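Below: one structure, written as structure tokens.
Worth saying up front: this structure is predicted, and the values here are computed from it rather than measured.
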Amino acid sequence: MTEPWVRFEDEDLLVVAKPAGVNTHRADTYAQDGMHEWVQRQRPEVKLAILHRLDKATSGLLLFGKTTAANRSLAAQFEARTVAKRYELLVPRDPRRPAELRADQPIGRAAASTDFTRQARGPGFERFAARPHTGRTHQVRIHAAALGMPIVGDAEHGGGDAARLFLHAAGLRVGHPRAAGHGEDAGRMIELDAPRPGSFDQVLDGVSPIGPAVAARAALEAREQLFDPEQTNAYLWIDRHHDGFARVRVERLGDVAFVCNYDDSSAGVPDAWLEVWRDTAAVAAVFEQRRPRGGGGGPARLVSGAHPSRFTVRELGCQYLIDLEASATSTGLFLDQRETRRRLLAADRRGQTVLNVFAHTGSLSVAAALAGAETLTLDLSPRYLDWARDNLRANALDPADHDFIYGDALEWMDRLAKKGRSFDVVLVDPPSTSTSGGRGSKRWVAERDLHTLVARGARLAAPGGTVFVSTNLHRLSWPRFVDHLDRGLATARRTGAIETQTVPIDHRSGPGDPPYLKAAWIHLDDPTG
């Protein structure tokens with residue numbers, strides 16, 4: 001397996017390529033993972049230390065330490081300003097601007113110094129290299145603006161709107177942590193480069209920095225480097241206004257671009273967007289599914305190219321069946337649960353039992369089964385249960401080795417508890433509402449009743465077991481979600497530690513647009529231990 005986001009790694013250091021639009025680290029308990037947390041999940045055997053930071057909107061090289069000795073050495077180098085950093089940036093063209101400039105303006109009360117050297121010119125923009133000699137917050141951005149050349153996309157400092165902030169941490173030179181010793185690394189310097197994204201050259205060549213071609217390219221660059229294409233070819237490519245396409249989400253599903261159109265009007269997406277998406281990602285087809293807020297959408301329809309509506313995609317080495325005409329709300333794979341599947345896959349689950357409630361097409365069951373668990377998949381839809389069996393078969397797993405229950409989740413959870421059944425892991429990912437057979441009345445509402453599911457899940461979990469609970473209900477706040485968890489545990493007379501989780505880093509969020517997914521792993525205490 002390759003990891004395209006890794007630029008250098010040995011037993012002391014890990015240097016990664018951070019995409020634009022991803023924080024260096026998680027802002028708070030309920031925020032989306034940053035690059036640090038995401039990488040840490042890929043390296044659970046070591047404790048990664050953050051040694052410097054990049055702005056959320058900046059792409060490029062990010063350095064982590066893997067040992068205590070390395071952390072001390074690298075922190076000392078940053079403090080002594082012996083770490084050399086090089087950035088590349090785009091600025092509006094000015095024929096009077098010299099090829100070399102220096103900014104020495106203090107930032108706040110701290111001294112700061114940055115050298116700028118022009119690398120190339122285009123019809124409307126110039127590309128400069130920046131070499132900061134100090135490490136102040138937003139230093140390159142502030143100094144570029146002070147010199148009258150604000151960075152394209154840096155609206156905060158006068159750079160105007162663009163598909164992204166055109167600032168890239170392109171080079172890093174640092175002494176190896178063991179360079180002071182007498183071994184083979186004595187005196188060794190590590191010099192690393194991260195090629196600038198192709199969207200920089202697009203803009204330099206004259207393509208509009210706010211147009212759909214650059215927006216689509218920038219969005220793809222921010223996602224594709226996170227995944228080995230041989231292992232994963234399904235991810236969220238475009239996330240609404242965050243990526244320059246209002247009210248549209250585009251999933252990359254293998255050779256297909258799947259468009260969720262949330263516009264309330266009857267108009268489809270513009271033909272120009274379809275052309276750009278096909279050209280940018282070299283997909284064979286584009287399918288569009290309308291999901292207006294008031295309802296009334298339907299299954300996806302083919303709007304460009306040619307491709308069957310039923311096919312298979314890869315995620316983390318697993319195979320999942322997609323059917324774009326089977327549902328008005330789902331392709332068969334919820335991409336926002338990728339980190340849940342990663343976590344299920346990563347553990348040795350041989351000898352464990354896993355209950356997957358509201359199982360949909362059984363993707364969580366597949367991940368648990370591939371990790372060695374015996375699974376029970378519970379759903380009210382016979383069609384989805386058959387789909388889950390097909391997903392198991394697609395991964396060379398025999399459905400006969402696992403259990404399936406067709407029926408009402410709440411009733412069956414109570415029934416299993418009365419029978420004394422218990423599971424090492426209980427997975428509960430319910431819909432926002434559940435209707436009874438009587439005139440479509442709401443039998444169960446997540447906003448009101450989620451704690452009752454938490455209680456049922458906790459009763460079914462073995463001592464020391466785990467309950468995973470999630471909801472994608474936008475209007476349910478994090479405090480109310482956590483209150484449901486606490487109430488459910490209290491009702492079940494169980495205690496445990498709560499670890500929160502939200503959307504993965506190919507999804508986007510920002511001010512006024514918090515992540516919609518609220519999820520938690522509840523690690524229950526073992527009263528017998």
Run the side-chain contact (heavy atoms from CB on, under 4.5 Å) check on Leu63 and Leu13 step by step: do they pass?
CA-CA 7 Å; Leu63 172 66; Leu13 303 176; 4.2 Å; yes
Using ring centroids (six-membered ring only for Trp), state whether His451 and His484 fall under 6.0 Å.
yes
Taking Leu473's backbone N and O only, do any of them form a donor-acceptor pair with Lys518's side chain (distance below 3.5 Å, no angle check)?
yes
Heavy-atom distance under 4.5 Å between the side chains of Val248 and Val250, does that happen here?
yes
Is a side-chain donor-acceptor pair under 3.5 Å present for Thr58 with His168?
no
Could you verify whether a donor N or O on one side chain and an acceptor N or O on the other, from Thr340 and Gln501, lie under 3.5 Å apart?
yes
Does any N or O in the side chain of Arg459 come within less than 3.5 Å of the main-chain N or O of Arg494, such that one atom is a donor and the other an acceptor?
no
Is it true that a side-chain atom of Thr491 and a backbone atom of Arg487 form a donor plus acceptor pair closer than 3.5 Å?
yes
So, does Asp154 use its side chain to make a donor-acceptor pair with the main chain of Gly160 at under 3.5 Å?
no
Does the pair Arg393/Asp398 count as a salt bridge with the N-to-O cut at 4.0 Å?
no
Ala359 and Asp379 have their tightest heavy-atom pair at N-OD2, 3.2 Å
For the residue pair Leu226 and Ile505, establish whether any side-chain heavy-atom pair is separated by less than 4.5 Å.
yes
Check the pair Ile151 / His157 against side-chain contact (heavy atoms from CB on, under 4.5 Å), numbers first and verdict last.
CA-CA 8 Å; Ile151 299 171; His157 298 100; over 6 Å; no
Hey, can you tell me if His360 and Phe334 have their rings parallel, tilted or perpendicular (30° and 60° cut-offs)?
parallel
Checking side-chain polar atoms at under 3.5 Å, does Arg341 have a donor or acceptor matched by the opposite partner on Ser363?
yes
Under 4.5 Å between any side-chain heavy atoms of Ile238 and Trp277, yes or no?
yes
Looking only at side-chain N and O atoms, does Asp255 offer a donor or acceptor that is under 3.5 Å from a partner on His307?
no
Heavy-atom closest contact (Arg223 atom, Arg508 atom, distance)
NH2-CG, 3.4 Å
Basic-acidic side-chain contact under 4.0 Å: Asp386, Arg389:
yes
Scan Arg164, Glu221, Arg217 and name whichever one has a side-chain hydrogen bond (donor to acceptor under 3.5 Å, both in side chains) with Ser199.
Glu221
Roughly how far, to the nearest 0.5 Å, is CD of Gln289 from CZ of Arg249?
13.0 Å
Kindly indicate whether the side chain of Leu524, heavy atoms from C-beta on, has any atom under 4.5 Å from the side chain of Thr466.
no
Any side-chain donor-acceptor pair under 3.5 Å between Thr495 and Asp525?
yes
N/O donor-acceptor pair under 3.5 Å between Lys47 side chain and Thr67 backbone:
no
Measuring from Leu416:CG to Glu411:CD, what's the distance to the nearest 0.5 Å?
12.0 Å
Between His242 and Asp239: side-chain donor-acceptor atoms closer than 3.5 Å
no
Looking at Val445, is its backbone amide N or carbonyl O close enough to the side chain of Asp449 to form a donor-acceptor pair, meaning the two atoms are under 3.5 Å apart?
yes
Student check: side-chain heavy atoms of Val354 and Leu427 closer than 4.5 Å
yes
Between Gln32 and His507, is any side-chain donor less than 3.5 angstrom from a side-chain acceptor?
no
How about Phe64 and Ile50: do any of their side-chain heavy atoms sit closer than 4.5 Å?
yes
Using a strict 4.0 Å threshold on nitrogen-to-oxygen distance, state whether Arg247 and Asp263 make a salt bridge.
no
One thing to verify: whether Glu499 and Arg343 come together as a salt bridge, which I'm taking to mean a side-chain N less than 4.0 angstrom from a carboxylate O.
yes
Is there a donor-acceptor contact under 3.5 Å from the side chain of Thr24 to the main chain of Leu54?
yes
Which atom names give the shortest non-hydrogen contact between Ser365 and Thr377, and what distance separates them?
OG-OG1, 2.8 Å
Dump the intermediate steps for side-chain contact (heavy atoms from CB on, under 4.5 Å) on Asp401 and Leu397, then the final yes or no.
CA-CA 8 Å; Asp401 295 333; Leu397 295 166; over 6 Å; no
Taking all non-hydrogen atoms of both residues, which atom of Ala17 and which atom of Gln225 are closest, and how far apart?
O-NE2, 3.3 Å
What's the shortest heavy-atom distance between Leu253 and Ala234, and which atoms?
CD2-CB, 4.0 Å
Should the pair Arg252-Glu224 be classified as a salt bridge under the 4.0 Å nitrogen-to-oxygen rule?
no
Is there a side chain to side chain donor-acceptor pair (under 3.5 Å) between Ser304 and Arg278? Walk through the geometry before answering.
CA-CA 8 Å; Ser304 180; Arg278 287 194 63 186; 3.3 Å; yes
After noting the C-alpha distance and the side-chain angles of Glu251 and Thr331, does the key distance pass the side-chain contact (heavy atoms from CB on, under 4.5 Å) rule?
CA-CA 10 Å; Glu251 298 180 3; Thr331 67; 4.0 Å; yes
Roughly how far apart are Thr502 OG1 and Leu517 CG, rounded to 0.5 Å?
5.0 Å
Only one of Gln42, Lys66, Arg7 passes side chain to side chain contact (heavy atoms under 4.5 Å, CB included) with Leu14; say which it is.
Lys66
Using modelled atom types and a 3.5 Å cut-off, is there a donor and acceptor pairing between side-chain atoms of Asp506 and backbone atoms of Tyr235?
no
Arg301 and Glu325 ion-paired at < 4.0 Å
no
To the nearest 0.5 Å, what is the distance between CD (Glu45) and CD (Gln40)?
8.5 Å
With rounding to the nearest 0.5 Å, note down the distance linking CG in Leu333 to CD1 in Ile322.
5.0 Å
Residue Asp161 excluded, over 12 heavy atoms near CG under 6.0 Å
no
Taken to the nearest 0.5 Å, the spacing of His25 NE2 from Asp28 CG works out to 11.0 Å
Pairwise side-chain contact, Leu489 with Ile522, heavy-atom cut-off 4.5 Å (strictly under)
yes
With no hydrogens and no angle check, just 3.5 Å: does a side-chain donor-acceptor pair link Arg350 and Gln352?
no
Determine whether His241 and Phe245 satisfy the following criterion, ring pair (Phe, Tyr, Trp, His ring centres under 6.0 Å), listing intermediate values before the conclusion.
CA-CA 5 Å; His241 59 282; Phe245 295 91; over 10 Å; no
Is it true that Gln319 and Asn395 share a donor-acceptor pair across their side chains at a distance under 3.5 Å?
no
Identify whether the distance between the nearest side-chain nitrogen and carboxylate oxygen of Glu374 and Arg349 falls below 4.0 Å.
no
With a 4.5 Å limit on heavy-atom distance, are the side chains of Glu315 and Tyr320 in contact?
yes
Classify the side-chain pair Thr500/Arg26 by whether it contains a donor and acceptor separated by less than 3.5 Å.
yes
Is Asp390 salt-bridged to Arg310, cutoff N-O under 4.0 Å?
yes
Nearest heavy-atom pair of Thr353 and Ser422: which atoms, and what distance?
OG1-O, 3.8 Å
